[in-house]
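In what follows, a single structure is set out as structure tokens and then discussed.
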Amino acid sequence: MTKRTSAKYKIDRRMGENIWGRPKSPVNRREFGPGQHGQRRKGKMSDFGLQLRAKQKLKGYYGDLTEKQFRRIFAEAERVRGDTGENLIGLLERRLDAVVYRAKFVPTMVAARQFVNHGHVRVNGQKVNIPSYRVKEGDVIEVRNRSKQLAVLLEAVQLAERDVPDYIDADHTKMTAKFVRTPGLGDVPYPVMMEPNLVIEFYAQN
């Protein structure tokens with residue numbers, strides 16, 4: 001098991017949830033936390049604990065986002081007119097690595113970051129290798145020709161465990177995807193419940 005995969009499984013067990021919906025997650029077999037004391041009865045979590053876990057879960061879902069990166073995205077969501085929680089989800093889903101993952105070009109969110117970093121993706125015909133690049137409505141994302149036969153790509157397209165959401169129009173014969181619109185929380189196919197309202201409360205109090 002790779003160090004990166006091991007770390008993702010550890011996050012699942014700590015959260016007690018399969019936050020990426022992976023078939024091999026240890027949470028599918030046992031719901032207790034990691035370590036020798038993982039099976040102890042859990043006490044009621046404090047409001048702070050619930051808020052912190054909601055933030056860690058959302059931040060962890062989008063790969064290896066640092067606290068600084070996530071806090072910057074949250075600050076932008078606060079500045080934009082409208083509901084801060086919905087704005088936060090919309091900004092996270094407009095990241096190029098998130099769009100690549102949603103389009104089923106790669107099997108995991110972490111793989112999406114590497115896929116973009118390694119220069120396999122073009123946006124509106126231009127090479128973009130920055131995972132945090134902000135996609136706009138109407139942008140067309142495509143896999144470059146030399147990368148269309150990569151094993152990771154062919155494997156992801158065949159995954160039956162998740163579908164492409166309706167805010168992305170993907171064509172797997174051409175390996176292209178159009179970002180149709182910015183989604184709200186209810187549009188995003190999270191395998192577990194995300195609670196951006198608790199993230200807002202966390203940052204309001206800390």
Side-chain angles (χ1 to χ4, degrees), residues 1-30 34 56-66 69-70 89-123 127-135 139-180 183 185 187-194:
M1 185 183 294
T2 66
K3 182 178 179 181
R4 189 178 289 272
T5 300
S6 175
K8 285 190 291 186
Y9 287 161
K10 196 175 292 184
I11 291 172
D12 275 358
R13 289 181 64 197
R14 188 170 69 241
M15 297 294 173
E17 296 182 84
N18 183 359
I19 67 172
W20 290 281
R22 294 188 309 275
K24 294 183 179 180
S25 173
V27 177
N28 297 342
R29 299 189 300 275
R30 52 178 182 255
Q56 289 175 327
K57 188 163 61 172
L58 188 60
K59 186 174 75 168
Y61 179 86
Y62 286 93
D64 296 331
L65 289 183
T66 65
Q69 288 173 317
F70 191 76
I89 298 301
L91 290 172
L92 288 168
E93 284 292 307
R94 284 175 58 194
R95 288 175 56 93
L96 180 56
D97 54 359
V99 176
V100 166
Y101 172 69
R102 293 289 180 221
K104 285 183 70 174
F105 290 157
V106 290
T108 68
M109 192 70 80
V110 173
R113 172 169 292 196
Q114 293 176 329
F115 197 73
V116 175
N117 261 332
H118 293 167
H120 298 302
V121 176
R122 294 180 179 275
V123 179
K127 178 180 174 181
V128 179
N129 59 3
I130 303 170
S132 61
Y133 176 87
R134 187 76 50 78
V135 174
D139 280 356
V140 175
I141 295 87
E142 61 181 329
V143 177
R144 68 175 186 174
N145 288 331
R146 284 187 293 170
S147 306
K148 288 183 178 179
Q149 296 303 314
L150 288 173
V152 66
L153 190 70
L154 301 176
E155 172 197 343
V157 169
Q158 300 300 320
L159 284 176
E161 63 199 52
R162 61 188 177 93
D163 297 317
V164 178
D166 63 6
Y167 52 90
I168 292 174
D169 184 9
D171 184 341
H172 290 143
T173 59
K174 298 179 180 177
M175 293 300 177
T176 63
K178 182 178 181 180
F179 188 73
V180 179
L185 176 60
D187 301 315
V188 182
Y190 293 118
V192 297
M193 182 183 293
M194 294 296 181

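Only a predicted model underlies this, so the values are computations on that prediction, with no experimental measurement involved.
Using a 4.5 Å heavy-atom cutoff, the side chains of His120 and Val100 are not in contact. Using a 4.5 Å cut-off on side-chain heavy atoms (C-beta onward), Leu65 and Arg95 make contact.
At least one donor-acceptor pair closer than 3.5 Å links the side chain of Arg94 to the backbone N or O of Val135. Between the Lys57 side chain and the Met193 main chain, a donor and an acceptor come within less than 3.5 Å of each other.
Taking each heavy atom of Ile168 and Ala177 in turn, the nearest pair found is CG2-CB, 4.0 Å. The minimum heavy-atom distance between Pro131 and Asn117, with the atom names listed, is CD-OD1, 3.6 Å. When all heavy atoms of Ala103 and Ala170 are compared, the closest pair comes out as O-CB, 4.1 Å.
A distance of 4.0 Å separates CZ of Phe70 from CG of Leu58, quoted to the nearest 0.5 Å. Rounding to the nearest 0.5 Å places CD1 of Ile130 at 9.0 Å from CG of Leu96. Atom CD of Gln149 is separated from atom CG of Leu153 by 8.0 Å, given to the nearest 0.5 angstrom. Separating the CZ atom in Arg134 from the CG atom in Asp139 is a distance of 12.0 Å, to the nearest 0.5 Å.
Ring centers of Phe115 and Phe105: at least 6.0 Å apart, outside the cut-off.
Under the salt bridge (Lys or Arg N to Asp or Glu O under 4.0 Å) criterion, the residue pairs touching residues 99-121 are Glu93-Arg102, Asp97-Arg113, with sequence neighbours excluded.
Shown here are the side-chain hydrogen bond (donor to acceptor under 3.5 Å, both in side chains) partners of Asp171, two or more places apart in sequence or in another chain: Thr173.
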